[in-house]
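Reading through the structure tokens given below for one structure.
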Amino acid sequence: MKEYIVCYTLENGIKQERILKEKEVKRKEVIQEVMDKILNHNSFMAKSDQGDYWINSSSVRYIRVL
């Protein structure tokens, strides 16, 4: 399993989400999955160590996958 950290830069701060994927999944595939989630939903849930939180898709300004 691979762990990816997705950083969302929002209008009012930065949120992080940890995503676990199979070993053969590439970074570009994770980016595409996140982009599809943002474009197809008004809001979505991000899961982190501090708990789950809702993100409004219109407030996302930048995405980075590490």
Side-chain angles (χ1 to χ4, degrees):
M1 298 292 285
K2 273 186 170 179
E3 180 180 62
Y4 292 95
I5 299 173
V6 182
C7 298
Y8 301 99
T9 301
L10 309 173
E11 289 177 348
N12 57 357
I14 297 173
K15 300 287 185 181
Q16 292 184 352
E17 176 181 26
R18 295 187 184 274
I19 298 176
L20 290 175
K21 293 289 183 182
E22 296 296 324
K23 198 166 194 162
E24 58 274 350
V25 174
K26 305 275 186 225
R27 181 176 169 259
K28 287 185 179 186
E29 294 173 21
V30 175
I31 292 171
Q32 186 61 46
E33 180 182 317
V34 170
M35 289 298 298
D36 290 341
K37 182 169 54 171
I38 290 172
L39 294 174
N40 294 327
H41 299 94
N42 291 335
S43 61
F44 59 94
M45 182 171 286
K47 299 177 181 183
S48 70
D49 297 338
Q50 291 81 24
D52 300 345
Y53 45 87
W54 286 95
I55 297 177
N56 186 342
S57 296
S58 64
S59 68
V60 176
R61 299 294 173 239
Y62 182 77
I63 300 166
R64 184 172 184 190
V65 177
L66 306 171

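Every value quoted in this text rests on a predicted model; they were computed, and no experiment measured them. Values below: every heavy atom of this structure, side chains too, minus hydrogens, waters and symmetry copies.
- Listed by chain and number, the residues in a side-chain hydrogen bond (donor to acceptor under 3.5 Å, both in side chains) with Asn12 amount to none (sequence neighbours excluded).
- For the salt bridge (charged side-chain N to carboxylate O under 4.0 Å, His left out) condition, no pair includes a residue of residues 50-60, sequence neighbours left out.
- We find the SG-CG distance between Cys7 and Leu66 to be 5.0 Å, quoted to the nearest 0.5 Å.
- Cluster annotation: Met35 is connected to Phe44 through the hydrophobic network of ILVMFWY side chains, with a link wherever side-chain heavy atoms come within less than 4.5 Å.
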Distance-only donor-acceptor pairs under 3.5 Å for side chains of residues 16-24, two or more places apart:
{"residue": "Glu17", "atom": "OE1", "partner": "Tyr8", "partner atom": "OH", "Å": "2.7"}
{"residue": "Arg18", "atom": "NE", "partner": "Asp49", "partner atom": "OD2", "Å": "3.3"}
{"residue": "Arg18", "atom": "NH1", "partner": "Glu3", "partner atom": "OE1", "Å": "3.3"}
{"residue": "Lys21", "atom": "NZ", "partner": "Glu33", "partner atom": "OE1", "Å": "2.7"}
{"residue": "Lys21", "atom": "NZ", "partner": "Glu33", "partner atom": "OE2", "Å": "3.2"}

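- A pairwise comparison of heavy atoms in Ser43 and Ser57 identifies N-OG, 3.8 Å as the closest pair.
- Looking at residues two or more places apart in sequence or on another chain, you find no salt bridge (charged side-chain N to carboxylate O under 4.0 Å, His left out) involving Lys47.
- Residues passing the side chain to side chain contact (heavy atoms under 4.5 Å, CB included) test with Glu11 are Ser59, Arg61, sequence neighbours excluded.
- The list of ring pair (Phe, Tyr, Trp, His ring centres under 6.0 Å) pairs with a residue in residues 12-32, not counting sequence neighbours, is empty.
- In terms of the side-chain hydrogen bond (donor to acceptor under 3.5 Å, both in side chains) criterion, residue partners of Ser58 (sequence neighbours excluded) are, by chain and number, Asn56.
- Between Val60 and Leu10 the shortest side-chain heavy-atom distance falls below 4.5 Å.
- Taken from CD1 in Ile55 to NE2 in His41, the straight-line distance is 13.5 Å, to the nearest 0.5 Å.
- If you chain together ILVMFWY residues whose side-chain heavy atoms come under 4.5 Å of each other, Tyr62 ends up in a group of its own.
- Within the 4.5 Å cutoff, no side-chain heavy atoms of Val25 are placed close to those of Lys2.
- Between the CZ atom in Arg64 and the OH atom in Tyr4 there is a gap of 14.5 Å [rounded to 0.5 Å].
- The side-chain hydrogen bond (donor to acceptor under 3.5 Å, both in side chains) search around Glu29 returns none, not counting sequence neighbours.
- In summary, of the residues considered (Ile38, Ile31, Asp36), a side-chain contact (heavy atoms from CB on, under 4.5 Å) with Val34 occurs for Ile38 alone.
- Within a 6.0 Å radius of CG in Asn40, other residues, nucleotides and ligands contribute more than 12 heavy atoms.
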